[in-house]
Amino acid sequence: MIPSPLPPDFIPFNKPYLVGPELEYIAEAVALGKLSGNGVFTQRCHQFFEQTYGFQKALLTTSGTAALEMAALLLDLQPGDEIILPSFTFTSTANAFLLCGATLVFADSSPEHPNLDAATVARLLTPRTRAVVVVHYAGVACDLDALLPLIRQHNLILIEDAAQAIESYHAARRLGTIGHLAAFSFHETKNISAGEGGLLAINDARFAERAEILWEKGTNRAAFYRGETAKYEWVDVGSSFLPSEMTAAFLWAQLENRHCISQRRLQQWHWYREALAPLGALGVGLPVVPAYAAAHNGHIFYLLCRTLPERQALISHLAARGILAVFHYQPLHSSPFFRSLYSGAPLPHAQRYANLLVRLPLFFELTHSEQQRVIEAVLTFYGAR
Ligand SMILES: *Cc1c(COP(=O)(O)O)cnc(C)c1O
């Protein structure tokens, strides 16, 4: 045990967990005698994602960030090419494309929920637009019905940043199967984790072969091992995007137990939603889940406080009771790094979620009595009990 100064009844925001056979599978990987990437467990994960999830091709990566970087490389961006993306997201959504020389065009969030406001995307299109990146915030699907006609009409690439969205759906379609490319994360904070890890899903055959080359440091090594080529050589740019077998083994244990993980998180999510519903009458915002996104994965439960000072007071109130609640993204377009480069319109909704949103503890091992304590502390703060 790592000694910790935290009180024993402290409720963290997130906690890594074992669902069952993780350590057993890592031992199995060690016994198999191959710990570098693309071994038995990696291939088992790939097969699972291709057959059960229906991705045309799946490649495990070292992180969600790495999967986004692969997606950006696959676009073969030229100077001046523009990428439309939400401002209310993690830096990796933007960095991946900026590293490839793209011009970033930030879009606002919807007034109802933190996802990109599809209605504003048409106004941001120019002849240089190459791709739109959507983020399924909190595992709740972005409004793709509004976006897909635009994507087709302008011959754009749709990339899903599905980092938070494993096991979520847009109507009957699994998230990550809809975009030409999609990136998932298995970071410790995500529903299904491998500590650090990710996945690139490729749903358009034109990207499949090159993706595998980028993944294997610019070589045709994967094809060579399948016996498809006589030599293994340098054929393109690339990097080391593949995780070790220890990561894949850990991930496989969690994937096998994905239904149990989702069920528990959704139970917690729905209890928060129900118990905190009375706050709606006070003007506190509760998560809005559009009908097309009803089958979500319970990744994040958030409240929207009425003001920024109120949010900070709520976080302090909870901290004083041994509960860690946290805010989320600050808008990228007005960040210290990007604001001097930003020439678009103000994005008031992204700013509003940055100021008002607070996330409550939600993780696999959160107990009933711990969640009860969080609920009571929030209701007490609002004088609602
Ligand atoms: C977590 C996350 C990422 C990055 O994933 P890593 O695995 O941490 O690199 C990217 N985008 C979003 C929206 C995320 O939530």
Side-chain angles (χ1 to χ4, degrees), residues 13-14 16 37 45 49 58-73 83-100 102 104 106-107 109-110 113-116 131-142 144 158-168 170 175-176 178-179 181-201 215 239-244 247-248 250-251 254-255 265 287 293 296-302 326-333 335 338 350 353-354 357 359 362-363:
F13 169 68
N14 177 67
C45 292
F49 282 118
L59 290 172
L60 290 192
T61 56
T62 49
S63 65
T65 301
L68 287 163
E69 287 172 7
M70 285 186 70
L73 281 169
I83 305 290
I84 297 174
L85 73 166
S87 178
F88 189 76
T89 183
F90 189 55
T91 54
S92 295
T93 319
N95 270 330
F97 299 92
L98 201 56
L99 280 167
C100 289
L104 303 181
F106 285 108
S109 296
S110 156
H113 52 72
N115 278 334
L116 177 131
V132 178
V133 186
V134 297
V135 177
H136 304 299
Y137 182 76
V140 173
C142 186
L144 295 173
L158 176 66
I159 297 167
E160 297 179 69
D161 179 342
Q164 303 175 10
I166 195 141
E167 290 286 303
S168 290
H170 184 288
L175 296 187
I178 303 166
L181 299 163
F184 288 86
S185 168
F186 306 119
H187 183 265
E188 174 181 297
T189 51
K190 305 303 201 278
N191 288 24
I192 288 178
S193 147
E196 299 275 0
L199 172 84
L200 178 69
W215 188 63
S239 190
S240 184
F241 288 116
L242 66 175
S244 88
T247 299
F250 192 102
L251 179 64
Q254 299 228 333
L255 286 174
R265 293 189 75 109
H296 67 87
N297 65 0
H299 177 58
I300 290 173
F301 187 88
Y302 64 83
V326 292
F327 57 88
H328 214 177
Y329 307 126
Q330 297 306 297
L332 297 180
H333 74 284
S335 61
F338 203 82
Y353 296 114
L357 189 145
R359 295 173 290 160
L362 200 162
F363 51 89

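All values reported here derive from a predicted model rather than from experimental measurement. Every number for a ligand or one of its atoms is a count from 1 in the order of the listing. The basis for the numbers below is simple: all heavy atoms, side chains too, and nothing from hydrogens, waters or symmetry mates.
Here the rule is side chain to side chain contact (heavy atoms under 4.5 Å, CB included) with Leu68, and of Leu73, Leu200, Asp161, Asn95 only Asp161 fits it.
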Intermediate values then yes/no, side-chain hydrogen bond (donor to acceptor under 3.5 Å, both in side chains), His328 and Tyr137: CA-CA 11 Å; His328 214 177; Tyr137 182 76; 2.6 Å; yes
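Residues Phe250 and Phe186 keep their aromatic ring centres 6.0 Å or farther apart.
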For ligand 1, list every N/O pair with the protein closer than 3.5 Å, one pair per line with the distance.
residue  : atom   : partner : partner atom : Å
ligand 1 : 5 (O)  : Ser185  : OG           : 3.3
ligand 1 : 7 (O)  : Gly64   : N            : 2.7
ligand 1 : 7 (O)  : Ser185  : OG           : 2.6
ligand 1 : 9 (O)  : Gly64   : N            : 3.3
ligand 1 : 9 (O)  : Thr65   : N            : 2.8
ligand 1 : 9 (O)  : Thr65   : OG1          : 2.5
ligand 1 : 11 (N) : Asp161  : OD1          : 3.3
ligand 1 : 11 (N) : Asp161  : OD2          : 2.8
ligand 1 : 15 (O) : Gln164  : NE2          : 2.9
ligand 1 : 15 (O) : Lys190  : NZ           : 3.2
ligand 1 : 15 (O) : Tyr329  : OH           : 3.4

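Between Arg265 and Asn297 the shortest side-chain heavy-atom distance does not fall below 4.5 Å.
A side-chain donor-acceptor contact under 3.5 Å links Asn115 to the backbone of Ala141.
By the salt bridge (charged side-chain N to carboxylate O under 4.0 Å, His left out) test, Glu167 pairs with Arg174, Arg258, sequence neighbours left out.
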